[in-house]
Peer 1: 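Could you have a look at this structure, given as structure tokens, before my questions?
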Amino acid sequence: LKPEVKYQFGLLLVTATLIHADQNLAAPNLSAIADDFEMTPMQKYGRLGGLVQFGFFLIGGAVSLLIGPMADKLDRTTLLPAVVCCGAVPALFSVFIPSSKAGFF
């Protein structure tokens, strides 16, 4: 393989790894997250186990309906970094969320 193709493959592999690195991060830490946001056990399961995951489902579905057709019309090498950055910026801003009841809703 050409060095350019190896570089592109490596970059794509690292990007995919970083995107999916936090997939199962919340599930084993629901109790710690609920304690951090001062939630009752019922709120923990309702909000963290249901509402947040449902929000991810809705946002992911809407974005896939938008990005899917764009992938057919636009250059995918510019579309992928744009989508990754659009997902990373809100994650970076999560550092400013206060650890209290007001920080969750």
Peer 1: State the CD-OH distance between Glu4 and Tyr7, to the nearest 0.5 angstrom.
Peer 2: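 With rounding to 0.5 Å, CD (Glu4) is 10.0 Å from OH (Tyr7).
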Peer 1: What's the separation between atom OH in Tyr45 and atom CG in Leu30, rounded to the nearest 0.5 Å?
Peer 2: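 If I round to the nearest 0.5 Å, the distance is 7.5 Å.
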Peer 1: Can you tell me how far apart CD1 (Ile67) and CG (Leu74) are? Round to the nearest 0.5 Å.
Peer 2: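 If we round to the nearest 0.5 Å, Ile67:CD1 and Leu74:CG are 8.5 Å apart.
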Peer 1: What's in the same ILVMFWY side-chain cluster as Val95, cut-off under 4.5 Å, chained through other members?
Peer 2: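 For the cluster that includes Val95, the remaining residues are Val89, Phe93, Phe96.
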Peer 1: Donor-acceptor pairs are to be reported for all side-chain atoms of residues 50-59 against protein atoms at under 3.5 Å, with residues two or more places apart or in another chain.
Peer 2:
none

Peer 1: Using the side-chain contact (heavy atoms from CB on, under 4.5 Å) criterion, which residues pair with Ala71? Sequence neighbours excluded.
Peer 2: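 Ala71 satisfies side-chain contact (heavy atoms from CB on, under 4.5 Å) with Arg76, Leu79 once adjacent residues are dropped.
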Peer 1: Measuring only between side-chain heavy atoms, which start at C-beta, is Leu12 closer than 4.5 Å to Gln8?
Peer 2: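 Sidechains of Gln8 and Leu12: no contact.
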Peer 1: Could you check if a side-chain atom of Val84 sits within less than 4.5 angstrom of a side-chain atom of Leu18, using non-hydrogen atoms only?
Peer 2: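 In short, these two side chains do not touch, never coming nearer than 4.5 Å.
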Peer 1: For residues Leu80 and Leu11: do they belong to one hydrophobic cluster (side chain heavy atoms under 4.5 Å, members Ile, Leu, Val, Met, Phe, Trp, Tyr)?
Peer 2: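 In one cluster with Leu80: Leu11, no.
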Peer 1: How far does CZ of Phe37 sit from NZ of Lys44, to the nearest 0.5 angstrom?
Peer 2: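 If we round to the nearest 0.5 Å, Phe37:CZ and Lys44:NZ are 14.5 Å apart.
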Peer 1: Shortest non-hydrogen contact from Ser64 to Gly61?
Peer 2: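 Smallest heavy-atom distance, with atoms named: OG-O, 2.8 Å.
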Peer 1: Can you tell me how far apart CG (Asn29) and CG (Asp35) are? Round to the nearest 0.5 Å.
Peer 2: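 Going from CG on Asn29 over to CG on Asp35, the span is 11.0 Å.
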Peer 1: Please round to the nearest 0.5 Å and tell me the distance separating atom CZ of Arg47 and atom CE of Met42.
Peer 2: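 Here the rounded value is 11.5 Å.
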